[in-house]
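We use all heavy atoms of the structure for the numbers below, so side chains are in, but hydrogens, waters and symmetry mates are not.
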Amino acid sequence: MITLWALLQIIYILVVIVVCLRIIYDTDSFSKSLAYLLLVVLLPIFGMVFYLSFGINYRKRKLYSKKLIIDDELSKRLKKDILGQSETALNNARTTLKEYKKIINMMTTETINSISDINEVELLLNGENKFPKVIETLKKAKHHIHIEYYIFENDTIGNQIVDVLIEKAKEGVEVRFIYDDFGSRSVRGKMVKRMRKAGIQAFPFHRVIFIYLANRLNYRNHRKIIIVDGSEAFVGGINVSDKYINYPDREQMYWRDTHLYLKGQSAYILQHTFMCDWNFCANDRMGPTVDYFPPLPEMNSNNNKVVQIAASGPDSRVPTVLYSLIQVINQAKEEVLITTPYFIPGESMMDAISVAALGGVKVKLLVPGISDSKLVNAAARSYYNDLLEVGVEIYVYQKGFVHAKTLVVDRKIAVVGTANMDYRSFDLNFEVNAIVYDKGIASTLGDAFYEDIQFADYIEPKEWLDRNMGIQLMEKAARLMSPLL
């Protein structure tokens, strides 16, 4: 006769087996599957709870499948009614940027073209340069303001922006506000209520019920987007928070980050991204009318820049952000400059960087010396050995915290966006990058990179590779968990 204890053991073993089988079936990444299996086998109860909470592949789940259907419907209507000129932009880009046609073609989907060739672009370094431009642009809004942020704080700059939004809402301007429920948890109460009372439509992207049980391992909306009147936009790495502003009269950590101001057709693509997210979180059916995609103002044709928007997330059929970065690196002939606050690149990105370096391209990587996670930092350092061995130069920023997510190739292509160079941004978070095909912008961003490394420590390959074996072992152990970080 089977005792109760024996029965419970059998049930327990069966549950572990079922969870392991589900991991194998449901996880596309081989390395991620191994990491989850290792976690479940070594720490069964914790591992199973962890996987079922954070490891389910939402690309195959109803929540984001529904969003994908709605997004497709909006994209088809947008292409038919509004974005006829995108075909012209695509053809022009293919003609003038022949050497980059692989990137351009890869990011051209059946529903909407993400490339535009009529744009003004301004590089905004740090919050002290971004926020004055944001407030100036918001104050000029006539019809609508659309804002979507991972972190929006209830602090000085956050309230300054909200005051402008309320003022514009009282003037009759439509204001829509999407915030990540975890990243922007400080605005969930009084600030959101104040906005709604003033007529602002504000919604969390995906509500987190147990807010303090959530963490960065969950599926988050990491985008930072502003669109004003359908023709001006902002995108990049700078969230809305006082810590992003380097006040000269305050003692605080120096925060190095990068953002873009865009005016022109690229605002249409960001508007489309916002609309897809808005219809999902607000349960709305916002459509591509001329009010949201107005005729563009006349712009100086001599200053036009080609911009392509790469957006992806758990609702994407393919990891567009990852693929676009790999393609950009593959285009390099002379130089690749990478800045990222979190470097857990995965095998495909490591291969792209290594192939470039082995092919004679000068590859330089700037990472923070200060990190908000010792485990993530240890996992990141485990990749340095492989990079140093193929000739990549690694710099560790010491002036403060470098939060910028940028890539410069041959001083011809500049990438600025929200995506870190890690598993989370490539596979789990909702992200958006802007790829600018312009020598002027790329050179300016390249100059900023070289200025940044003046405040960084260069990692000497021999010294690094000769480090204590125990430290290297701990870093490699952390790397085993990197697909889960």
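- Judged by distance alone, the side chains of N420 and K405 do bring a donor and an acceptor atom under 3.5 Å apart.
- Between Y423 and L428, the closest side-chain pair of non-hydrogen atoms is not below 4.5 Å.
- With hydrogens and angles left out, the side-chain atoms of N154 and N159 include a donor and acceptor closer than 3.5 Å.
- Side-chain atoms of K362 do not come within 3.5 Å of backbone N or O of G360 as any donor-acceptor pair.
- Taking the six-membered ring for Trp, Y437 and Y100 have ring centres closer than 6.0 Å.
- By the neighbour-count criterion of 12 heavy atoms within 6.0 Å, atom CD of E128 is densely surrounded, having more than that number from other residues, nucleotides or ligands.
- For the pair E393 and Y458, the tightest heavy-atom approach, listed with the atom from each and the gap, is CB-CE1, 4.0 Å.
- Distance check, rounded to the nearest 0.5 Å: OH of Y149 to CD1 of I226 gives 3.5 Å.
- A salt bridge does not link E232 to K263: none of the charged nitrogens lies less than 4.0 Å from a carboxylate oxygen.
- Heavy-atom minimum distance, S184 versus Y150: OG-O, 2.8 Å.
- Judged purely by atom type and a 3.5 angstrom limit, Q252 uses its side chain to pair as donor or acceptor with the backbone of I245.
- Two residues are said to be in side-chain contact when any heavy atoms from C-beta on lie closer than 4.5 Å; F426 and M421 meet this criterion.
- For the pair T339 (side chain) and A404 (backbone), a donor-acceptor distance under 3.5 Å is absent.
- Put simply, the side chain of N429 does not reach to within 4.5 Å of the side chain of N221, judged on heavy atoms.
- Seen from the ring of Y254, K399 counts as a face-on cation partner, given the 6.0 Å and 45° thresholds.
- Heavy-atom minimum distance, K305 versus D438: CE-OD2, 3.4 Å.
- Relative to the ring axis of F182, R185 places its NZ or CZ within 45° and under 6.0 Å from the centre.
- The closest side-chain heavy-atom distance from F343 to V376 is not below 4.5 Å.
- Side-chain contact between K364 and F449 is present, with at least one heavy-atom pair separated by less than 4.5 Å.
- A salt bridge links R411 to E335: one of the charged nitrogens lies within less than 4.0 Å of a carboxylate oxygen.
- Surrounding NZ of K133 are more than 12 heavy atoms belonging to other residues, nucleotides or ligands, all under 6.0 Å away.
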Review point. Could you go step by step and tell me if F203 and F177 meet the side-chain contact (heavy atoms from CB on, under 4.5 Å) rule?
Key: CA-CA 6 Å; F203 287 89; F177 182 90; over 6 Å; no
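- The closest side-chain heavy-atom distance from V367 to Y395 is not below 4.5 Å.
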Point to revise | ring pair (Phe, Tyr, Trp, His ring centres under 6.0 Å) between F280 and F205, worked out | key: CA-CA 8 Å; F280 168 70; F205 181 75; 5.1 Å; yes
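- Counting heavy atoms from C-beta on, the side chains of V235 and K224 never come closer than 4.5 Å.
- Looking only at side-chain heavy atoms (C-beta outward), V392 and V390 come within less than 4.5 Å of each other.
- Within the 3.5 Å criterion, the main-chain N or O of G440 finds no donor-acceptor partner in the side chain of S443.
- When atom types are taken as modelled, the side chain of D155 and the backbone of D242 share a donor-acceptor pair closer than 3.5 angstrom.
- Here the shortest heavy-atom pairing between I238 and G127 reads CD1-N, 3.8 Å.
- Here the CG atom belonging to N239 is positioned 14.0 Å from the CZ atom belonging to R223, to the nearest 0.5 angstrom.
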Exercise for review: Evaluate the side-chain contact (heavy atoms from CB on, under 4.5 Å) criterion for residues T258 and L124: first the C-alpha distance (whole Å), next the side-chain angles of each, then the deciding distance (0.1 Å), finally the verdict.
Suggested key: CA-CA 6 Å; T258 304; L124 303 171; over 6 Å; no
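- A donor-acceptor contact closer than 3.5 angstrom links the side chains of N119 and S116.
- Counting only distance, with no hydrogens or angles, the side chain of D457 and the backbone of V396 share no donor-acceptor pair below 3.5 Å.
- The CG atom of D180 sits 9.5 Å away from atom CD of E148, with the distance rounded to the nearest 0.5 Å.
- The distance from atom CD of E99 to atom CD of Q331, rounded to the nearest 0.5 Å, is 7.0 Å.
- With 3.5 Å as the limit, one finds a donor-acceptor pair spanning the side chains of N385 and W464.
- Judged by distance alone, the side chain of N246 and the main-chain N or O of W255 form a donor-acceptor pair under 3.5 Å.
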Check your understanding: Is there a side-chain contact (heavy atoms from CB on, under 4.5 Å) between L165 and I147 once you walk through the steps?
Key -> CA-CA 10 Å; L165 298 181; I147 294 186; 3.7 Å; yes
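- Within the 6.0 Å centre-distance limit, the rings of Y292 and H144 are counted as a close aromatic pair.
- Closest of all the heavy-atom pairs between I435 and S324 is CD1-CB, 4.1 Å.
- Residue V409 forms a side chain to side chain contact (heavy atoms under 4.5 Å, CB included) with just one option from L337, I338, V336, and that option is V336.
- Within the 3.5 Å criterion, the main-chain N or O of L125 finds a donor-acceptor partner in the side chain of N129.
- Counted by atom type alone, D422 and S425 present one or more donor-acceptor pairs between their side chains at under 3.5 Å.
- The closest donor-acceptor contact from the side chain of N468 to the backbone of I471 lies under 3.5 Å.
- Distance alone, capped at 3.5 Å, places no donor-acceptor pair between the D257 side chain and the N126 backbone.
- Outside the 6.0 Å centre-distance limit, the rings of F293 and H272 are not counted as a close aromatic pair.
- No option in F234, F274, W278 other than F274 meets the ring-ring contact (aromatic ring centres under 6.0 Å, His included) test with H146.
- The CZ atom of R176 lies 7.5 Å from the CE atom of M275; values are rounded to the nearest 0.5 Å.
- Across every non-hydrogen atom of V318 and S312, the tightest pair is O-CB, 4.1 Å.
- We find the CD1-NZ distance between I459 and K462 to be 15.5 Å, quoted to the nearest 0.5 Å.
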Point to revise | Test side-chain contact (heavy atoms from CB on, under 4.5 Å) applied to I353 and V355, step by step | key: CA-CA 6 Å; I353 294 172; V355 168; over 6 Å; no
